[in-house]
Amino acid sequence: MKEWTTEHEGAEPEQTKENRRAEARAMKLLLNRMMTEKEMRERLLQEGFEPDPVEAAIQYCSSFGYLSDARYAENYLISMRRKKSGQMIRRELEERGVSEDLIEQAFEENPYEESDVVDALIRKKAGSPHRMDEKELRRTFAFAARKGFASSEIWKAIHRFQDAENEEEEL
């Protein structure tokens, strides 16, 4: 009588074992935080996985929607849009391996008004509207600049902030 066997019974081919190990590790990494494909690839290669199992793991995670650069870009934009300039968000997404097309798509689907963000950051740093002395002005400017905003946008926001003091006094 002929025995019935499958490819996976007994000793698995080494490639399949390694693919499964890489897939399991990728899934475990995604439990902690979202990642881009580039970040996942770098992490798995750094941990000693061979390129073929790494690519198989990326395909596996992507097929279930667990690894998606488009979703990563959208979530990153939503979480950072009140803290950083659009330019800084774009640069950070590019560094993480997200394509320009996906970054543009995220910005189109999630409106981002930079002047509102820099105004809110200035209010956060300086408190209620008032005339700033030179030291406070420099510190506030530097704070907004570290968030990636252009000098012209920062100065406009500071002027709006200080002008708001005059409007409050008139009331």
Side-chain angles (χ1 to χ4, degrees), residues 25-47 54-55 57-171:
R25 181 63 182 141
M27 294 296 283
K28 191 169 186 174
L29 289 170
L30 289 171
L31 287 174
N32 295 324
R33 71 174 186 91
M34 288 184 70
M35 301 176 99
T36 63
E37 287 184 16
K38 177 185 176 189
E39 290 173 323
M40 179 64 74
R41 184 174 290 108
E42 288 173 354
R43 182 67 184 266
L44 292 175
L45 288 170
Q46 179 185 24
E47 291 185 10
V54 167
E55 294 307 316
I58 288 171
Q59 275 191 323
Y60 178 80
C61 294
S62 297
S63 71
F64 291 105
Y66 300 139
L67 189 63
S68 168
D69 284 358
R71 194 176 55 179
Y72 183 94
E74 183 175 0
N75 288 342
Y76 191 81
L77 171 61
I78 290 169
S79 69
M80 292 297 163
R81 69 177 164 194
R82 301 213 185 280
K83 301 173 187 169
K84 298 180 179 184
S85 71
Q87 180 183 1
M88 182 175 269
I89 292 170
R90 287 174 195 276
R91 187 177 64 244
E92 289 174 352
L93 285 169
E94 286 173 3
E95 288 171 2
R96 287 172 167 83
V98 179
S99 72
E100 280 187 42
D101 293 341
L102 294 177
I103 294 170
E104 285 306 314
Q105 181 182 341
F107 273 89
E108 287 172 11
E109 293 174 2
N110 299 283
Y112 177 87
E113 192 59 48
E114 199 152 287
S115 62
D116 293 342
V117 176
V118 73
D119 285 347
L121 286 172
I122 299 292
R123 281 192 306 275
K124 177 182 176 183
K125 180 69 175 169
S128 60
H130 63 279
R131 282 278 159 212
M132 293 186 231
D133 62 19
E134 188 176 334
K135 183 178 180 180
E136 185 181 16
L137 195 65
R138 279 195 318 263
R139 285 183 175 176
T140 303
F141 182 91
F143 172 75
R146 283 190 302 273
K147 304 293 181 179
F149 293 98
S151 299
S152 60
E153 275 299 314
I154 298 169
W155 286 122
K156 288 176 191 175
I158 288 173
H159 289 301
R160 286 190 297 266
F161 175 82
Q162 292 183 343
D163 290 345
E165 176 207 19
N166 296 335
E167 292 173 11
E168 284 183 4
E169 286 177 0
E170 293 173 5
L171 295 177

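FYI, the numbering just counts along the sequence from 1. The shown structure was predicted, so the numbers you read here are calculated from the model rather than taken from an experiment.
Nearest heavy atoms, Ser85 versus Met88: OG-N, 3.0 Å. When all heavy atoms are compared, the tightest approach of Cys61 to Ala26 is SG-CB, 3.6 Å. Across Asp119 and Ala157, no two heavy atoms sit closer than the pair OD1-CB, 3.2 Å. Across all non-hydrogen atoms, the minimal contact from Met132 to Ala126 is CE-CB, 4.3 Å. What you find for Tyr112 and Glu114 is that their closest heavy atoms are CE2-OE1, 3.4 Å. Considering every non-hydrogen atom in both Leu137 and Gln162, the closest pair reads CD1-NE2, 4.0 Å.
Every pair passing side-chain hydrogen bond (donor to acceptor under 3.5 Å, both in side chains) that includes a residue from residues 58-73 is listed here, sequence neighbours excluded: Tyr72-Arg96. Note on residues 99-109: pairs passing salt bridge (charged side-chain N to carboxylate O under 4.0 Å, His left out), not counting sequence neighbours, are Arg90-Glu104.
Ile89 contributes atom CD1, which lies 5.5 Å from atom CG of Leu77 (distance to the nearest 0.5 angstrom). One finds the CD1 atom of Ile158 at 4.5 Å from the CD1 atom of Ile122 (value rounded to the nearest 0.5 Å). Taken to the nearest 0.5 Å, the CD1 atom of Ile154 stands 8.0 Å off from the CZ atom of Phe149. Note that CE of Met34 is 10.5 Å distant from CE of Met40, once rounded to the nearest 0.5 Å. With rounding to the nearest 0.5 Å, the separation of CG in Leu121 from NZ in Lys84 is 11.5 Å. Rounding to the nearest 0.5 Å places CD1 of Ile103 at 11.5 Å from CZ of Arg91.
For Arg138, the side chain to side chain donor-acceptor pair (under 3.5 Å) partners at least two apart in sequence or on another chain are Glu134. By the side chain to side chain contact (heavy atoms under 4.5 Å, CB included) test, Ser115 pairs with Glu113, Glu153, Arg160, sequence neighbours left out. Listed by chain and number, the residues in a side chain to side chain contact (heavy atoms under 4.5 Å, CB included) with Lys83 are Met80 (sequence neighbours excluded). Taking Arg146 as the reference, nothing meets the salt bridge (charged side-chain N to carboxylate O under 4.0 Å, His left out) condition, with sequence neighbours excluded. Not a single salt bridge (charged side-chain N to carboxylate O under 4.0 Å, His left out) links Arg82 to another residue, sequence neighbours left out. With sequence neighbours left out, Asp133 forms a side chain to side chain contact (heavy atoms under 4.5 Å, CB included) with Lys135, Glu136. Taking the side chain to side chain contact (heavy atoms under 4.5 Å, CB included) definition, one finds that Lys124 meets it with nothing, sequence neighbours left out. Under the rule for a salt bridge (charged side-chain N to carboxylate O under 4.0 Å, His left out), the partners of Arg25 that lie at least two apart in sequence or sit in another chain are Glu47. With sequence neighbours excluded, no residue forms a side chain to side chain donor-acceptor pair (under 3.5 Å) with Glu95.
The backbone N or O of Leu93 lies less than 3.5 Å from no partner atom in the side chain of Tyr76, so there is not a single donor-acceptor pair.
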